[in-house]
Structure formats: structure tokens, C-alpha cells
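Each chain gets a letter, A, B and so on, in the order the sequences are listed, and its residues count up from 1.
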Amino acid sequence: MSQFWKPGTERPQGRVVDDEEGGLLFLFGSHHSSSARHGYASIEKQRQRLPVSKYRTAILYLVETHATTIIVGETGSGKTTQIPQYLKEAGWATGGRLIACTQPRRLAVQAVASRVAEEMGVKLGEEVGYTIRFEDVTKPDVTVLKFLTDGVLLREMMDDPLLTKYSVIMVDEAHERSISTDILLGLLKKIQRRRPELRLIISSATIEAKSMSDFFRMRKKRREIENKDHGPQVEPAILSVEGRGFNVQINYAEEPVQDYVQAAVSTTLLIHEREPAGDVLVFLTGQDDIDAAVQLLTDQVQTTGKHSSGLIVLPLYSGLPRADQELVFSQAPRGKRKVVISTNIAETSLTLEGIVYVVDSGFSKQRFYNPISDIENLVVAPISRASARQRAGRAGRVRPGKCYRLYTEEYFLNHMPNAGIPEIQRSNMVSCVIQLKALGIDNILGFDWPASPSAEAMIRALEVLYSLGILDDDAKLTSPTGFQVAEIPLDPMVSKMIIASSQLGCSEEIITIAAVLSVQSIWISGRGIQKESDEAKLRFAAAEGDHVTFLNVYKGFHQSGKSSQWCHKNYVNYHAMRKVLEVREQLKRIAKRIGLVLKSCESDMQLVRKAVIAGFFANACHLEAYSHDGMYKTLRGSQEVYIHPSSVLFRVNPKWVIYHSLVSTDRQYMRNVLTIDPSCLLDVAPHFYKLQQSNHLLF
DNA sequence: GAGCACTGC
């Protein structure tokens with residue numbers, strides 16, 4: 001393959017990070033690398049060298065002596081399951097306090113918790129437990145090691161802002177920089193000033209370790225004061241753990257590729273032709289790319305004939321029906337090679353065993369938020385070097401592997417961004433602001449973030465929350481509305497709709513609608529069944545629009561005894577409906593707790609519409625009088641928008657509508673649309689529409 | 001008549 005590929009010179013993963021300010025440096029030997037001695041570790045502190053023979057000793061030493069420890073780990077270093085056990089053994093869970101370990105994903109929480117319970121030989125839910133949404137597998141006064149999603153820990157802070165239940169908190173996968181992780185890190189830094197005895201362990205990839213360390217480094221003045229006492233040191237330490245993964249040989253394209261879908265297909269065929277057995281994982285950007293690549297690969301295999309017996313090509317993306325998704329986990333029959341063509345889902349969320357070859361397109365779909373237009377866009381963008389390494393690492397889980405990057409080494413070294421833009425800088429800030437406000441953080445603009453969101457996004461969020469009556473003139477949470485909204489784990493506009501429904505007497509209906517809106521889609525769709533699923537949808541269609549249609553579906557599902565056959569017959573996604581039931585029950589519990597009235601309006605859909613408007617008045621649109629193709633304009637910003645073809649109001653084109661969300665492609669499409677009476681807008685949100693008129697002059 | 005990277009509470 002040498003005529004197409006240039007072997008790379010990227011250094012192996014898991015190397016020492018330079019800590020310039022006299023912190024600690026650790027290097028652990030890789031289990032498979034010949035360059036480092038097996039099981040050996042060394043500690044250097046300035047000129048002092050401490051012999052440490054075990055990873056365990058090093059961790060405990062750091063925890064004893066440092067308020068904050070930054071751990072650099074590579075995938076598969078074992079830190080995730082080992083560190084909590086060491087901490088427990090060393091007696092860090094004392095006086096009824098717990099050790100918390102967070103993960104960004106529910107599945108990872110469950111997996112790590114059960115593995116640790118198994119390693120410790122205890123029953124899951126006793127000494128070792130976990131908490132994720134809808135599932136609390138812990139026992140008060142018995143559980144000492146608690147695994148949880150970072151989102152759950154944030155929710156816990158609303159009742160216990162200093163997290164006094166915990167003596168040590170370990171945040172895993174911090175380099176992924178999810179919104180919850182970033183909020184959590186900011187808050188933990190704050191907590192640490194009030195609770196200097198709290199130990200933090202931040203687990204991150206090498207590439208982010210330095211910036212994490214900088215973030216947790218206290219201001220110089222403060223550090224001098226603290227160092228006078230003989231208390232714990234405030235310097236964060238960096239611990240570098242070499243991953244257990246096998247070496248992955250990196251190959252770069254000699255020339256920039258024109259068409260990465262075609263290049264991915266050709267590369268896969270070359271691997272199949274010239275490389276020994278082993279499965280292939282191809283990273284592309286989305287459903288369209290993936291379906292095209294599957295088609296191309298299948299066609300080319302058939303026309304050339306020579307590969308036909310040996311390849312099993314499987315697509316993988318989250319929108320794929322459950323059964324199709326599970327195919328990728330099955331082992332290829334003897335003598336066959338499995339090729340999985342995937343989105344980013346295989347980068348972190350799913351782990352495929354048996355992958356030896358990775359083909360990396362260098363792109364992924366990423367969300368970007370424009371605070372000026374208040375619109376989120378999904379665009380194909382270059383990945384970061386951190387992602388590229390993560391993707392390559394997927395080839396080294398079972399034995400030494402190879403990674404083919406469909407870009408040049410020059411591009412990788414000189415042009416690819418080092419790390420991705422943190423999610424918080426690419427998102428709408430509305431939910432985030434309300435969470436901080438609920439935790440008593442008044443100076444939102446001055447909050448110490450690992451990465452600050454843009455001022456525009458913050459201001460836009462404050463405006464939206466003010467217009468919803470969630471924040472007052474002083475940007476404080478209103479009572480009771482603001483505090484109630486903060487308790488509900490949904491988009492604030494949805495939460496506002498629920499609170500309004502309690503006053504209007506239609507909360508049973510609105511909670512159902514909120515639950516349906518919180519799942520991806522309750523319809524089964526896909527190529528080949530469009531006609532049937534459209535017809536099924538018409539059986540439920542309501543003249544008022546999609547929200548009321550959801551009520552009809554829920555009613556039918558309920559009357560069928562929550563039957564999966566009923567769902568199948570009506571092209572309704574059974575798994576989605578189960579989730580609707582779960583969310584609905586949680587929302588009812590929360591509604592009761594915060595003093596809302598649970599009541600049904602029976603068939604008075606006028607009340608339902610009023611409640612929806614109370615949350616979504618800012619999304620009102622009217623049909624352009626001269627428009628022949630269903631063009632609407634938003635009242636707020638006069639933006640051109642269209643009803644999405646998946647809506648029951650598609651081609652009905654009522655004069656006035658309100659939408660739940662926009663999806664931007666070549667046009668802006670409104671998803672989940674409801675007809676409204678414009679007088680209702682002035683009724684429910686007179687302040688907003690007056691304000692908008694004066695804004696209009698400004699534009 | 002069209003489209004949805006991926007999480008999470």
C-alpha cells in the first residue's frame with residue numbers, strides 16, 4: 001500500500017506531560033510497549049526523585065498531599081475502575097462520606113459500576129452503587145463508592161450545593177468537555193475554596209491535561225497563604241498514565257483527498273485485498289455519507305467480483321433501528337471480514353471488539369449555535385487531533401492495528417485543530433444559565449469556566465429567560481416560576497409551558513406533550529415504508545397540529561394497554577413510547593413536589609394551545625400572503641421558515657403557527673408545529689410583543 | 001415532499 005500511503009511519525013500515545021511549575025510528573029510503563037519497563041513508575045519533583053513501585057501508591061500519595069490532582073490517562077489505562085477502589089481501601093470514604101465518580105454517559109456509569117463491584121466481590125447496589133436518571137441503585141449508609149452521570153451530580157447540588165455527602169470526587173472523561181462536565185468543573189473549583197479538604201481527581205486525555213491543570217491552579221497570592229499552613233497543597237499535579245492499548249501504525253494520505261466517501265471505500269477495499277484478517281471501522285459524518293458508502297462498497301464488490309465472498313458491510317448511526325444497530329456487535333463468520341461504517345457514535349459511545357483497521361475521514365458533524373439568529377446548525381467540520389487519536393486508538397484494542405487517515409500528515413501536524421471547541425461555546429445557554437442561577441450563582445457573566453461561552457450567547461439566554469418571566473429585572477430567579485422551572489429537567493421553554501398548564505388546568509395533557517417532545521421521534525420512518533408510515537400518521541392527525549396529534553397517539557397507546565403490537569401496527573416507535581412513559585412519570589413526580597396542579601382539560605384543546613403559547617410565544621410565525629410555496633416569517637426576527645414535511649400541518653399551511661424547534665438545511669424547517677390564534681399571543685405575552693415592535697425599528 | 005453527529009437531566 002506504500003504507493004498510496006505514507007507511514008506517519010506521530011509519537012506513541014501516553015507520554016510524559018511537561019509540568020513547568022514544579023508539580024509532579026509520573027510515567028507508567030505500558031503493558032505492551034517495549035520502550036517503558038513493565039509496571040515501573042517514577043516520580044520527579046523538581047530535582048527530587050521518589051521511587052514508587054505502584055500506580056496505587058502514586059495515586060494515594062497524590063490524594064494525601066494535593067487538594068487537586070490532575071490525572072492524565074489514555075483509553076484503557078484502567079484508571080476508571082482502579083482509582084475508586086484504591087481510594088476506598090485507603091479509607092477515603094469516612095464518617096459516612098462517599099466517593100463519587102462521574103461519567104458523561106449512562107451506559108458507562110452502569111458498566112464501570114458493575115465492573116468495580118465484580119472486582120471487589122460485592123453485590124452491585126450495596127457498597128458499590130450507581131445513580132443515573134430513572135435509576136438509583138444505591139443504599140443509604142451502605143454505599144461508599146457511587147458512580148453517576150455528571151448531570152445527576154449537578155442535580156444533587158441543587159439540594160446540597162457543597163456536595164457535603166462526598167469526600168472525594170473523580171470526574172472521568174473531562175477532556176470530552178461536555179456542557180455538564182464544564183459546569184461541574186467550574187462549580188467544583190468554587191466548592192474547593194469553601195471545602196479545602198475535598199479531593200478532586202480529574203481524569204482527562206493527555207492533550208487536555210495542561211489546560212485542566214491551569215484551570216485548577218489557584219491564584220498566586222492565595223497559593224502563598226495556603227502554603228504557609230501545612231495543609232494539603234493547592235498545586236494541581238499531573239499524573240501521566242500510559243494506555244494499555246496496542247500500538248497503532250498511522251498511515252496518511254499522500255495527497256489531499258477530493259471525495260472522502262469514495263476514498264474511504266477505496267481504502268477499505270485495499271485493506272481487504274492486502275491486509276491480514278481483522279475487522280475494519282470507517283468513520284464518516286452522517287447517515288447520508290454512510291448509506292452512500294455502504295452502497296458504493298456493495299456495488300464495487302459485486303462488479304469486481306473478487307471480494308464478493310469476504311466482506312460484510314454494516315452501517316452504524318444512532319438513528320438506525322435497534323435491531324440493525326445490534327448487528328455490528330455480531331462476530332463475522334470465519335473467513336469473512338466485517339466492515340462497520342459509522343458516525344462518531346463509535347468514537348466514544350460504543351466500543352466494537354475485533355477492530356484492527358480504522359479508516360478516518362477527518363470529519364464529523366458538529367453543532368454550532370449562532371446567538372444572533374438564535375439558531376443551531378449541524379455542519380460537517382474537521383475533527384481535532386484529539387479526536388483523530390481517539391479514532392486511531394479504536395484499532396488497537398485486541399492487537400496491534402493500523403489507522404488510515406484520509407488526510408495528509410502535513411495537514412494533521414500543521415492545520416488540524418489541537419482540541420475541539422468545547423460544547424459550551426457551541427450551544428444555546430438557556431438551560432445552563434438557569435442551572436447556575438438555581439445554585440445561587442448570581443454573577444453568571446463572571447463565572448469561572450474551563451472555557452467561557454460567548455458574551456452574546458449569555459446575553460441572549462438572559463433575554464430569553466427574562467421574557468419567559470423566569471428571571472426578573474435584577475436577573476434573579478422569579479418566585480415561584482423561576483425556581484419551579486429550575487427543578488424541571490427540560491428546556492426552560494418546555495418547563496414554562498408545564499407551569500402555565502397547571503394554572504390553565506391542562507397539565508395532564510401538557511406533561512404528555514412535554515414527554516413526547518423530549519424523545520427523538522415517536523414515529524418509525526425509513527426508506528421503503530414512507531407511504532405506510534405517513535398513512536398511519538394521518539390516522540392520528542389533529543387539525544390543531546403536531547402537539548395535539550401526540551396526545552392522540554398517547555391515548556391510543558394507553559388504550560391498547562401499552563402494547564408493542566399496537567405500536568408496530570401504527571408505525572409508532574415502541575422504545576420511544578416506553579421512554580415517554582418514564583419521562584412522564586418523572587415529570588408528574590416533580591410537578592407534585594413543586595406544587596403544580598395535575599389536572600386534565602378533557603377535550604378543551606384551546607387550553608392546551610394557550611399553555612404551549614405560554615412557553616413558545618417567541619416562535620410564532622405567519623404565512624406570507626404572497627407565498628405560494630408555504631413560506632412563513634417569524635414574528636421575532638422576520639426569518640424565512642417552512643413547515644417540515646414530517647409535520648401533520650405540512651401543505652395545510654395555516655395562517656398563524658408556533659413551532660417547537662427549527663432544523664436548518666438548505667431551508668429553515670419548523671418541526672412540531674401548532675396552529676394559533678394571534679390574539680392569544682398578545683393575551684399570553686403582551687410584554688414580549690410590545691418589546692419586539694420596538695426592536696423591529698432597531699433592525 | 002424531506003431529513004436527524006452524539007450525549008444528558
Is it true that the NZ or CZ of A:Arg426 lies under 6.0 Å from the centre of A:Tyr369's six-membered ring and within 45 degrees of the ring axis?
no
Among the nucleotides B:dG3, B:dT7, B:dC9, whichever has the atom closest to the side chain of A:His644 is B:dG3
Separation of atom CD in A:Gln530 from atom P in B:dG3, rounded to whole Å
12 Å
Rounded interatomic separation in angstrom, taking NZ from A:Lys537 and P from B:dG1
15 Å
So what does A:Val380 hit on the nucleic acid, given a heavy-atom distance under 4.0 Å: a base, only sugar-phosphate, or nothing?
nothing
Please report the distance, rounded to the nearest Å, between CD in A:Glu347 and P in B:dA5.
15 Å
Is the gap between the ring centers of A:Tyr260 and A:Phe363 under 6.0 Å?
yes
When you measure from the side-chain N and O atoms of A:Arg106 to the phosphate of B:dC9, is any distance below 4.0 Å, counting only OP1 and OP2?
yes
Just how far, in rounded Å, is C1' of B:dC9 from OH of A:Tyr130?
16 Å
Is A:Lys633 paired with A:Glu640 through a side-chain N to carboxylate O contact shorter than 4.0 Å?
no
Let me know, please, whether A:Leu490 or A:Thr343 comes out on the 5' side of the other along DNA chain B by nearest nucleotide.
A:Thr343
With heavy atoms under 4.0 Å as the rule, sort A:Ile345 into base, sugar-phosphate or nothing.
sugar-phosphate
Does B:dG3 have OP1 or OP2 sitting under 4.0 Å from an N or O in the side chain of A:Thr665?
yes
Classify the nucleic acid contact of A:Leu154 as base, sugar-phosphate or nothing, counting any heavy atom under 4.0 Å across all strands shown.
nothing
Counting any heavy atom closer than 4.0 Å, what does A:Ser364 reach on the DNA or RNA strands: base, sugar-phosphate only, or nothing?
nothing
Measure up the A:His415 and A:Tyr411 rings against each other and bin them: parallel (under 30°), tilted (30 to 60°), perpendicular (over 60°).
parallel
Parallel under 30°, tilted from 30 to 60°, perpendicular over 60°: which one fits the rings of A:His660 and A:His547?
perpendicular
By nearest atom, which of the nucleotides B:dA5, B:dA2, B:dC6 is closest to the A:Ser646 side chain?
B:dA2
Which word best sums up how the rings of A:Tyr407 and A:Phe412 line up, parallel for under 30°, tilted for 30 to 60°, or perpendicular for over 60°?
parallel
Answer with yes or no whether A:Asp534 presents, from its side chain, a donor or acceptor under 3.5 Å of a partner atom in the base of B:dG1.
yes
Just call it for A:Arg133: base, sugar-phosphate, or nothing, with non-hydrogen atoms closer than 4.0 Å on any strand.
base
A:Ser318 has its side chain closest, among B:dC9, B:dC4, B:dT7, to B:dT7
A:Thr348 side chain N/O closer than 4.0 Å to the phosphate oxygens (OP1, OP2) of B:dC6?
no
Regarding B:dG8, can its base be found pairing with the side chain of A:Gln103 as donor and acceptor, where the two atoms are less than 3.5 Å apart?
no
Does A:Ser180 place a side-chain N or O at less than 4.0 Å from the phosphate oxygens OP1/OP2 of B:dG8?
no
Distance check needed: B:dC9 C1' versus A:Asp159 CG, whole Å only.
14 Å
Roughly how many Å is it from CD in A:Gln366 to P in B:dA5, rounded to a whole number?
13 Å
In this structure, how many angstroms lie between the P atom of B:dA5 and the CG atom of A:Asp289, rounded?
9 Å
When you match A:Tyr669 and A:Gln520 each to their closest nucleotide on DNA chain B, which lands nearer the 5' end?
A:Tyr669
Side chain of A:Val152 - closest among B:dC4, B:dC9, B:dG1:
B:dC9
Nearest-Å distance for atom pair CD/P, residues A:Gln325 and B:dC4:
18 Å
